Amino acid sequence: MDIVRALHKRGIVVFDNIYSEEEIKFFKDIFSKNVEYLSQGDDRRYGGADGTVKCKYVDGRKIFELGLVDKVLNDNLKGIIYKIMPDAQVWKFYYIQTPPNQTRPHFIPKGGGIGDFHYDRKNLVYKDDRIDFIDFSIYLDDVSEGDGHYAFYPASPVKKPLGFEKTINCYGKAGTAICSRIDWYHSATPNMNNKPRHVLRVAVCKNFFDIDDYIEERKDISNHYKDKDKFISFIFGMDRRWYKEVTAPSVKYNENL
């Protein structure tokens, strides 16, 4: 099945060969050496006595300073993004390390219970057959049951899951890349085992949506790649004229993925 059709129907597809084993090991090693705790401003959602566990991050600015933007956004990932969303804009771009031996997940939605199914942005113009938000969660180590895996409800978000419907638990080897529509319902799960969970996250949205996250960082990245990589420059905000229906420079999708 074509990946766009699969995303229309089920909201999720999974890849296991966007990066080589050497690239995955490189990402994990360098990110692990550069992590830090970030002040999120909401203890219940991001780390506090009654909320979630506190995680370590490498944010988009640091990924840029480490010279890794074009390594994360390699030709394979760029090709997938372009095939799904030619006018994509980066919305989230970071690495997260979740500590082991936890009973709570790294994120809970506002007003929700621990690990409650939620969507990341309310989409007032949602359509099943138009993909507005897409997320890549890339495991940098093996993730199985109890390792803080990603869970997804593979049905149109017009109806919230009540808890008894069939959901997808996303397990996989290091390098597994989960591509999902994050205006569909999904959930974090606790990392209950004895090793940290390492995840690289890249999320994009269609060009006509507002993006409030790290505006200055996106400008710097876009300007840096203006003459080096037109695709990367575009998706970090080079041309936000959504009313002109502009798209990124074409990137070929690798049919072998």
Side-chain angles (χ1 to χ4, degrees), residues 12 14-63 66 68 71-72 92-120 135-153 161 163 167-180 182 185-203 213:
I12 188 170
V14 179
F15 298 89
D16 62 6
N17 56 353
I18 292 178
Y19 304 103
S20 68
E21 291 182 6
E22 292 75 18
E23 287 173 315
I24 290 297
K25 184 178 184 303
F26 171 76
F27 287 147
K28 182 178 176 180
D29 289 347
I30 195 165
F31 288 142
S32 295
K33 294 173 182 175
N34 287 276
V35 292
E36 59 183 350
Y37 291 108
L38 297 184
S39 175
Q40 297 286 1
D42 188 332
D43 285 343
R44 174 161 166 71
R45 297 178 74 195
Y46 296 105
D50 299 314
T52 59
V53 299
K54 198 166 183 65
C55 299
K56 295 179 179 179
Y57 291 81
V58 178
D59 62 14
R61 166 68 70 181
K62 187 66 175 180
I63 293 175
L66 291 169
L68 298 180
K71 292 180 173 57
V72 172
K92 302 285 187 181
F93 191 70
Y94 61 83
Y95 157 89
I96 178 173
Q97 184 184 122
T98 308
N101 304 313
Q102 302 298 323
T103 58
R104 299 167 292 161
H106 75 279
F107 175 87
I108 54 175
K110 274 191 173 179
I114 296 294
D116 192 20
F117 277 84
H118 63 281
Y119 44 73
D120 283 9
D135 177 271
F136 295 87
S137 292
I138 302 152
Y139 293 159
L140 301 185
D141 49 1
D142 297 348
V143 173
S144 58
E145 187 174 2
D147 289 327
H149 65 273
Y150 182 69
F152 189 81
Y153 180 52
T167 59
I168 293 175
N169 292 312
C170 299
Y171 309 130
K173 298 284 189 181
T176 297
I178 303 156
C179 173
S180 64
I182 48 175
Y185 285 97
H186 58 279
S187 178
T189 63
N191 181 15
M192 298 182 291
N193 293 331
N194 59 2
K195 61 178 183 179
R197 187 200 68 155
H198 305 260
V199 172
L200 179 61
R201 185 183 181 196
V202 180
D213 299 74

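Residues take their numbers from the sequence shown, with the count starting at 1. Not measured: the values here are computed from a predicted model.
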Problem - Spatial distance of atom CD (Gln97) from atom CG (Leu140) [nearest 0.5 Å] - result: 10.0 Å

Problem - Heavy-atom check, side chain of Cys170 versus side chain of Ile12, under 4.5 Å - result: yes

Completion exercise
Only one of Phe117, Tyr150, Phe152 passes side-chain contact (heavy atoms from CB on, under 4.5 Å) with Ser187, and that residue is Phe117

Practice task
Apply ring-ring contact (aromatic ring centres under 6.0 Å, His included) to Tyr139 and list each qualifying residue two or more places apart in sequence or on a separate chain.
Solution key: none

Handout entry: Donor-acceptor contact below 3.5 Å, side chain His118 vs main chain Tyr185
Key = no

Handout entry: Test item: Thr98 and Val199 side chains (from C-beta on) under 4.5 Å apart, heavy atoms
Key = no

Practice task
Give, for atom SG of Cys55 and atom CZ of Arg197, the distance between the pair rounded to the nearest 0.5 Å.
Solution key: 7.5 Å

Problem - Identified ring-ring contact (aromatic ring centres under 6.0 Å, His included) partner of Tyr95 from the options Tyr57, Phe27, Phe31 - result: Phe31

Fill in the blank from the handout: By salt bridge (charged side-chain N to carboxylate O under 4.0 Å, His left out), Arg61 pairs with (sequence neighbours left out) Asp220

Problem - Results of side chain to side chain donor-acceptor pair (under 3.5 Å) for Ser32 - residues two or more places apart only - result: none

Problem - Check: Thr189 side chain, His149 main-chain N or O, donor-acceptor pair, under 3.5 Å - result: yes

Exercise for the section: Identify, with sequence neighbours excluded, every residue that meets side chain to side chain contact (heavy atoms under 4.5 Å, CB included) alongside Asp142. Expected result: Lys173, Ala174, Lys195

Exercise for the section: Any chance you could measure Asp120, atom CG, to Asp135, atom CG, to the nearest 0.5 Å? Expected result: 7.0 Å

Exercise for the section: Give a yes or no on whether the backbone of Pro99 and the side-chain of Asn191 come within a donor-acceptor separation of less than 3.5 Å. Expected result: yes

Fill in the blank from the handout: For Asp147 and Ser144 the tightest heavy-atom approach is OD2-N, 2.8 Å

Practice task
Begin from the C-alpha positions of Thr176 and Val143 and carry the test side-chain contact (heavy atoms from CB on, under 4.5 Å) through to its verdict.
Solution key: CA-CA 9 Å; Thr176 297; Val143 173; over 6 Å; no

Exercise for the section: Could I get the full list of side chain to side chain donor-acceptor pair (under 3.5 Å) partners for Tyr94, not counting sequence neighbours? Expected result: Arg201

Exercise for the section: State, with a plain yes or no, whether a side-chain heavy atom of Glu145 is found less than 4.5 Å away from one of Asn169. Expected result: no

Completion exercise
Pro196 and Asp141 have their tightest heavy-atom pair at O-OD2, 3.0 Å

Problem - Min side-chain heavy-atom separation Phe136-Leu200 under 4.5 Å - result: no

Problem - CD1 on Ile30 to NZ on Lys62, rounded to 0.5 Å - result: 9.0 Å

Handout entry: Any pair counted as salt bridge (Lys or Arg N to Asp or Glu O under 4.0 Å), so long as it reaches residues 18-28, sequence neighbours left out
Key = Lys25-Asp29

Practice task
Give a yes or no on whether the backbone of Ile63 and the side-chain of Asn34 come within a donor-acceptor separation of less than 3.5 Å.
Solution key: no

